[in-house]
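Structure, as structure tokens:
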There are 2 protein chains.
Amino acid sequence: MPTLDDVGKAAGVSRGTVSNVFNRPELVRPELRERVLAAARTLGFGGPDPKGRLLQGGRYNAIGFLPPGDYSIAHALRSPYGRELLVGAALACDEAGATLSVISGDTATRTASIREALVDGLVLGHAVDIGIITSAQRRRIPFVIVESDAGPDINSVKIDGKAGALAVVRHLSALGHRRFAILSIRRTAGPPIVHMPGKDKPRLTAGFSLDDERLAGFAEGLAEAGLSIGKVPIVETTPSEPTAGAVMFDRVPEATAIMTMSDWQAITVLDEARRRGIDVPGHVSVVGFDGTEEAARTSPPLTTASHDIVGKGRIAAEMVLKKRKPRQVVMPVELVVRASTGRPRR
Amino acid sequence: MPTLDDVGKAAGVSRGTVSNVFNRPELVRPELRERVLAAARTLGFGGPDPKGRLLQGGRYNAIGFLPPGDYSIAHALRSPYGRELLVGAALACDEAGATLSVISGDTATRTASIREALVDGLVLGHAVDIGIITSAQRRRIPFVIVESDAGPDINSVKIDGKAGALAVVRHLSALGHRRFAILSIRRTAGPPIVHMPGKDKPRLTAGFSLDDERLAGFAEGLAEAGLSIGKVPIVETTPSEPTAGAVMFDRVPEATAIMTMSDWQAITVLDEARRRGIDVPGHVSVVGFDGTEEAARTSPPLTTASHDIVGKGRIAAEMVLKKRKPRQVVMPVELVVRASTGRPRR
DNA sequence: CAAAAATCTTGGAGCGCTCCAAGAAATCGT
DNA sequence: ACGATTTCTTGGAGCGCTCCAAGATTTTTG
């Protein structure tokens with residue numbers, strides 16, 4: 001590969017001038033510029049190698065994005081939520097003229113990538129692993145965590161999950177529901193886990209404020225209605241588990257209202273209901289979470305706790321792009337009532 | 001930011017030893033290693049700066065991905081096709097332990113990014129602009145074009161679009177259809193363009209082999225049925241144009257079969273049909289292209305010319321990741337017949 | 001026409017790291 | 001105990017580039 005020096009030699013000028021030709025052409029006399037360009041063309045020099053510029057102290061002009069979830073990049077990209085979050089981050093990058101690097105792979109790979117990725121900052125789609133956060137801190141580049149408040153020293157953007165969940169329960173209990181079921185998120189790969197009240201103590205996945213917070217919101221809402229979350233069956237599945245609906249209907253047939261942690265899960269439930277000829281909301285009401293496009297297009301259209309996912313992704317990316325002092329942003333959640341919820345069957 | 005030298009000084013060893021501690025720890029006596037690590041911790045040194053390593057001659061260990069289409073990154077990510085292509089590329093990167101950089105923005109930005117992005121190779125999601133290809137060539141890194149054969153010297157992966165389109169027409173004409181309409185792709189932003197036969201000569205978007213090829217396939221199939229593509233109305237819309245269906249039904253009400261260039265377009269048509277109470281396939285048959293997940297979930301499920309999009313993305317990424325001599329890969333298309341096509345109304 | 005001003009061009013000094021040959025230290029063999 | 005080995009550590013060379021002060025050249029001015 002020819003270098004600036006080679007081109008300079010060929011054109012009879014110095015390295016510095018060649019650099020100027022490519023980076024500040026207005027500084028170089030047109031005639032000379034042409035000569036240099038011609039030499040570059042002959043040598044097959046396609047412009048200054050970014051490597052060199054970089055070392056000189058430049059920025060990478062890129063940020064890394066770790067998709068939410070720990071399963072596989074395919075999951076993250078196909079999930080409506082993951083996709084919109086990425087869209088938001090990508091839009092922010094576009095506006096800033098930066099590149100977005102998708103960092104995926106297993107935890108080990110991600111950790112290594114965090115150490116070595118050629119990025120100026122990091123958007124952690126979700127605080128999956130404390131090791132990931134530690135690595136990010138060690139790297140000493142700005143980063144932001146989505147959907148986990150990790151304290152005042154760390155950038156974070158999240159929604160008010162508790163308020164959202166609370167609104168869901170209030171809506172359902174105002175409709176008259178008393179028999180609930182919760183479809184929660186299993187953070188590790190594997191089949192659905194069913195927690196029946198009494199039988200085994202619901203192992204509410206700890207350490208992930210996303211789940212915890214929403215569960216807390218559900219609990220509070222249930223308490224308002226004189227119910228205890230301890231009596232509510234909880235099924236934990238990965239966000240894309242296709243059998244989530246089946247497990248739900250098999251194990252908790254008595255529920256009149258199913259509350260979920262994501263639209264994708266709720267859509268799975270709707271699909272299974274259709275397959276079984278179960279009427280929604282006549283027989284059972286279903287509520288999603290996130291307010292994705294997809295939720296508006298199901299039949300019946302999904303009632304969901306909606307928030308601005310794209311905006312969240314964008315804010316996250318912007319926090320990293322223009323580094324300021326750490327902030328914790330909490331975004332509002334709004335219940336969007338559609339046709340998947342109604343009065344309970346009698 | 002502390003450097004290897006700083007740490008070395010603090011630990012009383014040389015730069016080289018500190019480098020070894022981080023990169024080949026087995027070469028350094030455990031005791032010394034500990035001392036160095038301790039010094040690094042005190043100084044807040046988080047590991048060797050990738051910048052330096054890079055210049056030394058290393059690889060970026062990343063490839064760039066330019067999403068298909070020229071509209072916006074949001075479009076590309078939300079379209080089922082673009083998403084699956086990205087999934088394929090991302091999976092290949094995961095397996096190779098590489099990072100995937102999404103290069104988006106307008107043509108100018110993309111061109112600049114191609115020149116400067118910190119990547120070892122490039123996947124061009126679609127040959128939108130000849131300038132993009134030129135820039136990629138100038139950069140002298142391996143690249144591959146998706147859905148455009150740019151000759152024997154350039155890597156490409158595409159489907160056999162002509163065969164796919166041909167299969168679509170044959171299927172429809174075997175069902176008895178004689179009155180067709182085509183929903184083609186408008187490559188620039190803007191409202192749908194309607195080409196009525198006779199009125200204005202169909203401006204078949206030239207220069208984009210994707211469209212051309214499929215149109216050629218349609219033409220051949222129509223000719224087999226004794227029809228001329230010159231007599232078939234063609235509507236060109238951007239892939240995500242929401243009014244595509246409406247324009248189609250308004251302007252070409254007589255068509256009994258609508259052939260499209262993507263599932264996304266076909267789904268739009270299906271949506272509009274439902275809105276208008278038009279029966280599919282009773283009143284009009286609709287065929288998609290690509291065979292995405294979404295096509296299987298519509299009602300009625302979509303007949304579509306299907307191919308392995310994820311596989312295509314993966315192959316593309318692999319071609320760039322492990323550079324060999326240029327290849328041109330053509331992947332098969334298979335017609336998947338579902339319920340959106342039937343005999344024409346009488 | 002010479003001096004002052006404006007415009008161009010030059011090349012040294014790094015940027016932080018890895019590679020590697022050579023030197024230092026520790027271990028081994030007899 | 002001393003030379004031969006083996007194991008560690010060192011620091012120079014250089015990766016390709018940008019920055020910038022200084023020097024060279026051209027243009028303008030009095």
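Only this structure's heavy atoms are used, side chains among them; waters, hydrogens and symmetry mates stay out. In what follows, every chain begins at residue 1, and chains take the letters A, B, ... in the order their sequences are listed.
If you check C:dT10, D:dT10, C:dC8 against the side chain of A:Ser14, the one that comes closest is C:dT10.
A straight line from CG of A:Leu27 to P of D:dT26 spans 18 Å, rounded to a whole angstrom. The distance from atom CD of B:Glu31 to atom P of D:dT7 is 18 Å, rounded to the nearest whole Å.
Heavy atoms of A:Leu54 sit nowhere under 4.0 angstrom from any nucleic acid atom.
Contact check, A:Thr17 against C:dT10: a side-chain N or O comes under 4.0 Å of OP1 or OP2.
Between B:Pro326 and B:Ile154 the shortest side-chain heavy-atom distance does not fall below 4.5 Å. Side-chain contact between A:Lys158 and A:Val146 is absent, with no heavy-atom pair separated by less than 4.5 Å.
Not less than 6.0 angstrom separates the ring centroid of B:Tyr60 from the ring centroid of A:Tyr60.
B:Ser101 and A:Ser101 share a side-chain donor-acceptor pair at under 3.5 Å.
A salt bridge between A:Glu84 and A:Lys312 is absent, with no side-chain N of the basic residue lying under 4.0 Å from a carboxylate O of the acidic one.
Every residue meeting the side chain to side chain contact (heavy atoms under 4.5 Å, CB included) condition with B:Ala89, not counting sequence neighbours, appears here in chain and number order: B:Phe65, B:Leu100, B:Ala317.
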Using a 4.0 Å cut-off on protein heavy atoms (strictly under), produce a 5'-to-3' string for nucleotides 15-22 of chain C with B for base contact, S for backbone-only sugar-phosphate contact, and - for none.
BBBBS---
